[in-house]
Structure formats: C-alpha cells, structure tokens
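What follows is a single structure, written as structure tokens, with notes after it.
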Amino acid sequence: MTSTPYETRTLRVALLGHGAVGSEVARLLIRDADELAQRVGARLELVGVAVSRARADRETPFDPALLTTDAMGLVTRGDIDVVIELIGGIEPARSLVLAALESGASVVTGNKALLAEDGATLFAAAEKAGRDLYYEAAVAGAIPIVRPLRESLAGDHVRRVLGIVNGTTNFILDAMTTTGQGFDEALAEAQRLGFAEADPTADVEGFDAASKAAILASLAFHTRVTIDDVHREGITGVTAEHIRSADDMGCVVKLLAICDQSEDGVSVAARVHPVMIPKDHPLASVRGAYNAVFVESESAGQLMFYGPGAGGAPTASAVLGDLLSVARNRLLEVSGPAERTHARREVLGIGDARTRYHIALDVDDKAGVLSSVALAFAENEVSISAVRQEGHGDDAQLVVITHTATDAALSHTVRQLRDLPMVRDVSSVMRVEGEGL
Ligand SMILES: NC(=O)C1=CN([C@@H]2O[C@H](COP(=O)(O)OP(=O)(O)OC[C@H]3O[C@@H](n4cnc5c(N)ncnc54)[C@H](O)[C@@H]3O)[C@@H](O)[C@H]2O)C=CC1
Ligand SMILES: N[C@@H](CC=O)C(=O)O
Ligand code: NA
C-alpha cells in the first residue's frame with residue numbers, strides 16, 4: 001500500500017473563541033502551516049473561527065471571511081474534523097462540544113470549568129462517537145501534566161498530586177510578597193497579561209484551581225471527582241498581615257491544590273486553599289504566573305512538573321500539541337485513551353483532611369492565657385508544635401503552629417478558642433505544608 005503524501009490530505013479545523021488563547025492558536029496555525037503539515041502528515045486547514053461579536057476592526061492572520069458568530073452552525077456543518085473550543089464557561093461551550101462530537105469531529109479544549117462540572121457527559125459522548133476529547137491546556141497551561149497522568153503514568157499507582165495550578169493567584173501572591181503590591185493592582189496586571197479568566201472571580205475565589213484539582217484527581221485516582229467534591233478556598237481572605245506573619249516564620253503564602261489517596265487506597269480527597277510553606281520548599285520559588293505540580297506514585301516516586309501555567313502563547317502550545325495528536329489519530333482512524341473512572345473510590349470531604357495549621361489569636365495579656373489555650377488544643381487532640389507571643393497589652397497575640405491534625409479537630413478547637421473569655425479573636429487560621437517549622 002502506498003501512502004498519500006501529506007499535501008493531498010487535509011483535516012478541517014474549526015476554532016471557537018478568538019480571545020487570549022484562541023487568537024494565539026490561530027496565529028500559530030497560520031504561521032506554521034507547512035511545518036505542522038509535515039509533522040502531522042496532513043494539512044490542518046482553518047475553516048472557521050467563531051466569535052461572540054463581529055468586529056470590523058478585528059485584525060486576523062486568516063481571511064476575515066472565516067469569522068462567524070454562528071458557532072453551532074460551524075460545528076454542525078458536517079465536514080469538520082477537529083473543533084478547538086476556547087470560549088470557556090459552561091454554556092454554550094458544553095452544547096457546542098457535544099454537537100461537535102455528535103457531528104463526527106474530535107475536540108480539543110482548554111475548558112477546565114466544563115470538564116470539572118460535567119466531564120462525564122463529554123467523555124461519554126466522545127466514546128460513543130469514537131472521537132477524541134483532549135484537554136492538556138485545561139490544567140497548568142503549557143505544562144504537560146494531563147498527558148503524563150493519562151498515558152505515561154497509566155501503569156503506576158499515583159498516591160498524591162500537589163501543586164500550584166493557578167497562574168493568576170500565584171502572580172498576585174508573588175507580587176504581594178515580593179513588591180508589597182496591592183491585591184487589586186496585581187489582579188489588573190494579571191488580567192492585562194491574559195492570565196485571568198473572563199470572570200477573574202474564578203481565579204481569586206479558587207474555582208479555577210478547584211476545577212483543575214478535580215481533573216487531576218480524576219486522572220490520578222481513576223475515580224470521577226467533580227468540582228463539587230473539591231473543598232475550595234480562594235485568596236481573597238489573604239492579607240498583608242498573613243504574608244508578614246508567614247515571612248516571620250520563614251514561609252511564603254501559596255494557593256495549593258492537593259489531591260490525595262488514603263493509605264489503604266479506599267478513599268481520595270481534593271482541596272484547594274492558601275497555605276504557608278517554608279521558603280526552602282520547591283513550591284516557594286514558583287514565581288509569577290508559573291505553575292508547578294508534584295506527583296507521587298508507587299513506582300516512579302516523586303515527579304515535578306514546572307512551567308508557565310497561563311497566558312495566550314504558553315496555553316496555545318498545549319492546544320497545538322493536542323491538535324497534532326488528535327489529527328494523527330484521525331488519519332489513522334483511531335482514538336486516544338478514554339476516561340477511566342472504574343476505581344470509584346470514595347471521595348472524602350475536608351473534615352478528614354490531615355494537615356498542620358498556623359493559628360493567630362488576639363488574647364488578653366495576662367497569666368493563665370497560654371494554659372487555657374493549650375488545653376483547648378489538647379482536648380481536641382491537636383498537638384502543638386510551637387507557640388510564641390507577639391506584642392503586649394492590647395496588642396498581645398499568640399501564634400500557634402500545630403502538628404498534623406484533622407480539619408474537623410482543628411475546626412472544633414477554633415470554635416472552643418473563640419468561646420474562651422481571654423481570647424478576643426481568632427484572627428487567622430491557615431494551613432501549613434512542608435517540614436521544618
Ligand atoms: N488565558 C489562559 O491563560 C488560559 C485559558 N484557558 C482556558 O481557555 C479558554 C479560553 O480562555 P481565554 O482565551 O483566556 O478567554 P478569553 O475570554 O480571552 O476568550 C474567550 C473568547 O470566546 C469568545 N466567546 C464567548 N462566547 C462565545 C460564543 N458563544 N461564540 C463564539 N465566541 C465566544 C469571547 O468573545 C472571547 O473572545 C477558557 O476555557 C480558559 O479557561 C486555559 C489555560 C490558560
Ligand atoms: N486563569 C487561569 C488560566 C490558566 O488556566 C490561571 O490564572 O491559571
Ligand atoms: Na497543561
């Protein structure tokens with residue numbers, strides 16, 4: 001059998017969304033058309049670009065006649081081989097992805113919100129249609145992490161996935177830590193640089209990181225974890241005082257996603273919240289919009305994935321990587337790995353999570369306070385690792401660092417502390433990761 005030269009084969013690509021990521025994908029598809037054709041073995045022809053509003057002044061590297069505001073008409077026209085969904089959000093993205101698969105197209109998406117909310121429906125539709133649903137861009141931008149979990153580590157037993165998976169919040173926390181920049185100013189800069197979601201509440205309230213945690217946990221533990229299963233706290237409650245307090249302890253504040261499996265392998269959990277980590281911890285040196293993900297597995301041991309986690313160009317790299325994979329699959333008439341959630345492990349809530357805590361208490365500056373506070377911890381079996389007093393008189397504050405305890409025990413302790421007459425306020429509770437404090 002003789003093979004057809006790539007020049008004679010064409011795969012038709014439809015792009016949905018021409019924002020920070022979509023415009024960069026279009027630019028690279030046009031600029032690198034010949035090289036990509038060589039790599040795939042077929043030309044990738046951009047046949048339509050769906051936008052929300054037609055704008056006469058829009059500059060495009062492709063024929064403006066390809067622009068359409070009818071995204072559904074584009075994905076269902078019947079001759080599309082691959083749809084790239086870069087609109088974001090739940091609807092109309094979900095309907096468009098489902099229609100694309102039903103119409104026989106493979107789909108590449110960066111839409112973590114949609115995958116974490118309703119991945120089950122999308123993966124089922126892809127399997128039914130015998131088409132691909134690839135989503136490397138959905139987690140940690142340019143960093144290859146979906147494919148390693150889905151393919152490279154498919155024969156291993158992943159125990160834990162932990163990391164910084166939101167560029168916008170890391171950018172903000174880094175700016176607050178290193179330059180003392182205010183929250184709003186740093187967020188505006190992240191938006192200008194194309195890191196933030198269309199609604200940045202998704203970033204700063206932790207929804208984006210929680211979506212990514214759900215995707216990572218589902219892949220790692222072969223168990224369906226949705227965004228509703230993920231405990232979520234964002235960074236809007238992180239103050240300059242938290243950052244100063246962390247600095248006093250030789251720590252920085254980071255927003256982490258933590259997915260782990262119980263020792264007996266029966267249950268899993270996923271959570272997103274700010275933590276204090278020691279400055280010599282590898283995650284402490286992740287700056288700006290960079291992301292880093294640690295994976296711990298039985299045979300491979302510890303792996304670290306690091307790189308740009310947001311932004312048009314880095315994310316376009318992940319999208320194009322997926323596009324080439326699904327294009328090759330189309331030519332071979334095969335499809336890539338389907339979703340595997342057979343393990344059906346129980347997904348635990350935050351109460352069972354075990355971690356360490358940093359608690360700051362505004363207290364009366366008098367004898368007996370320390371013993372009453374220590375007793376509240378002891379009664380809940382939360383062991384104290386260190387305690388120190390800051391300030392005197394009306395400014396007296398106790399800072400307590402605990403050993404590992406469950407979140408339920410810690411919450412109970414905090415409630416009890418709030419009821420103590422000499423405790424004026426529990427001014428902050430933050431989890432601590434890493435050793436050496
Ligand atoms: N910006 C980033 O750093 C990253 C983004 N992503 C994901 O990639 C996707 C796109 O993100 P961005 O490009 O940053 O968003 P964006 O907001 O810059 O672009 C989205 C575009 O879709 C268009 N759009 C909205 N509704 C539409 C409709 N019904 N039909 C056609 N077009 C429509 C909007 O007008 C906008 O131009 C999202 O799912 C996001 O979560 C993933 C990783 C990183
Ligand atoms: N808004 C997201 C974009 C990438 O996923 C982020 O800031 O990380
Ligand atoms: Na990625």
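Start at 1 and go down the list; that is how both ligands and their atoms are numbered.
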- request: Any atoms of ligand 2 less than 4.0 Å from a non-hydrogen atom of Gly167? List them with their elements.
  value: 6 (C), 7 (O), 8 (O)
query: Short list, please: which atoms of ligand 2 are under 4.0 Å from a heavy atom of Asn166?
result: 2 (C), 6 (C), 7 (O), 8 (O)
task: Below 4.0 angstrom from a heavy atom of Ala196, which ligand 2 atoms are there? Numbered from 1 as shown, please.
output: 1 (N)
Proximal atoms of ligand 2 relative to Asp203 (non-hydrogen, under 4.0 Å): 1 (N), 2 (C), 6 (C), 7 (O)
query: Which residue owns the protein heavy atom closest to atom 14 (O) of ligand 1, what's the atom, and how far is it?
result: Ala20 CB, 3.7 Å
- prompt: Can you find an N/O atom of Val21 closer than 3.5 Å to an N/O atom of ligand 1?
  reply: yes
statement: Row for the Na ion (ligand 3): angle O (Val139) to O (Glu136), 10° precision, value 90°
- prompt: Of the protein's non-hydrogen atoms, which lies at the shortest distance from atom 7 (O) of ligand 2, and what is that distance?
  reply: Thr168 OG1, 2.6 Å
Exercise: do Glu117 and Thr226 side chains pair donor with acceptor under 3.5 Å: no
statement: For Glu197, the ligand 2 atoms with a heavy-atom partner under 4.0 Å come out as 1 (N), 2 (C), 3 (C)
message: I'd like to know if the Na ion (ligand 3) has an N/O/S atom from Gly141 within less than 3.0 Å of it, counting both backbone and side-chain atoms.
response: yes
- request: Could you tell me the residue and atom name of the protein heavy atom closest to atom 5 (O) of ligand 2, and the distance to it rounded to 0.1 Å?
  value: Lys112 NZ, 2.5 Å
- line: Checking heavy atoms under 4.0 Å, the part of Lys112 that sits near ligand 1 is side chain
- request: Please report which non-hydrogen protein atom sits nearest to atom 1 (N) of ligand 1, along with the residue it belongs to and the distance in Å to one decimal place.
  value: Gly194 O, 3.0 Å
message: Out of all atoms in ligand 2, which are within 4.0 Å of some heavy atom of Phe195? Include the element for each.
response: 1 (N), 2 (C), 3 (C), 6 (C), 7 (O)
- prompt: Please state which protein non-hydrogen atom is closest to atom 19 (O) of ligand 1 and give its distance, to 0.1 Å?
  reply: Gly19 CA, 3.3 Å
task: Measure the distance from atom 17 (O) of ligand 1 to every protein heavy atom, then report the residue, atom name and distance (to 0.1 Å) of the closest one.
output: Ala198 CB, 3.9 Å
message: Among all protein heavy atoms in this structure, tell me which lies nearest to atom 40 (C) of ligand 1, with the distance rounded to 0.1 Å.
response: Glu197 OE1, 3.4 Å
message: Test your reading of the structure: does Ser52 have an N or O sitting under 3.5 Å from an N or O of ligand 1?
response: yes
message: Can you tell me if, anywhere in Ile143, an N/O/S atom lies at a distance from the Na ion (ligand 3) that is smaller than 3.0 Å?
response: yes
Protein heavy-atom partner closest to atom 30 (N) of ligand 1 - residue, atom, separation in Å: Ile87 CD1, 3.6 Å
- prompt: Can you find a non-hydrogen atom of Leu86 under 4.0 Å from ligand 1?
  reply: yes
message: Which of the numbered atoms in ligand 2 are under 4.0 angstrom from any heavy atom belonging to Lys212?
response: 2 (C), 4 (C), 5 (O), 6 (C), 8 (O)
message: Could you tell me, atom by atom, which parts of ligand 1 come under 4.0 Å of a heavy atom of Phe195?
response: 3 (O)
message: Can you confirm, on distance only, whether ligand 1 has an N/O atom lying under 3.5 Å from any N/O atom belonging to Gly311?
response: yes
